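Worksheet: the structure to be examined is printed underneath.
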Amino acid sequence: MTPDEREELIEAVTTAHRTIDPFTRMVRGHEAFHDLDDDGRRVAYERTLATRAIERALDPKGWTTTARAVMSRLRPAARRP
């Protein structure tokens, strides 16, 4: 794996976007995670922590993109009778 390919995988893993399994409606982990070695996963984890701290600092409610995604899924369920 080239350094550029590794960097692309790390970038993909650190994003907040996750697909939803159409059958189970569960959030799937990012496929790129499995293509990284232990050091790559460690780097992705550290970057994710830093990115989420920046997101919290910029959000008026102090939420990360992950928190907003979770809340958007919970709110419609809370409105059901």
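Note that the structure is predicted; figures quoted are calculated from it, not measured.
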Where [X] and [Y] come nearest, the two heavy atoms and their spacing:
| X | Y | result |
| --- | --- | --- |
| Lys61 | Asp59 | N-OD2, 2.8 Å |
| Ala44 | Leu36 | CB-CD1, 4.4 Å |
| Glu55 | Thr65 | OE1-N, 3.0 Å |
| Arg28 | Pro22 | NH2-CD, 3.7 Å |
| Arg52 | Thr66 | NE-OG1, 3.6 Å |

Discussion item. Just to verify, which of Val43, Leu49, Thr48 counts as forming a side-chain contact (heavy atoms from CB on, under 4.5 Å) with Tyr45?
Written reply: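 Option passing the side-chain contact (heavy atoms from CB on, under 4.5 Å) with Tyr45: Leu49.
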
Discussion item. I need the Leu9 CG to Thr14 OG1 distance, nearest 0.5 Å.
Written reply: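 Result: 11.0 Å between the selected atoms.
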
Worksheet item: To the nearest 0.5 Å, what is the distance between CD (Glu7) and OG1 (Thr2)?
Response: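 These two atoms lie 10.5 Å from each other.
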
Fill in: Verify same cluster id: Met1, Val13 (apolar side-chain graph, 4.5 Å)
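In one cluster: yes.
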
Item to complete: Check for a donor-acceptor pair, side chain of Arg41 on one end and backbone N or O of Phe33 on the other, with a separation under 3.5 Å.
Response: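 Side chain of Arg41 to backbone of Phe33: a pair is present.
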
Discussion item. Before you tell me yes or no, could you show the steps for Asp39 and Arg6 under side chain to side chain contact (heavy atoms under 4.5 Å, CB included), namely the whole-Å CA-CA distance, both residues' side-chain angles and the distance that decides it to 0.1 Å?
Written reply: CA-CA 10 Å; Asp39 288 335; Arg6 182 176 185 260; 3.9 Å; yes

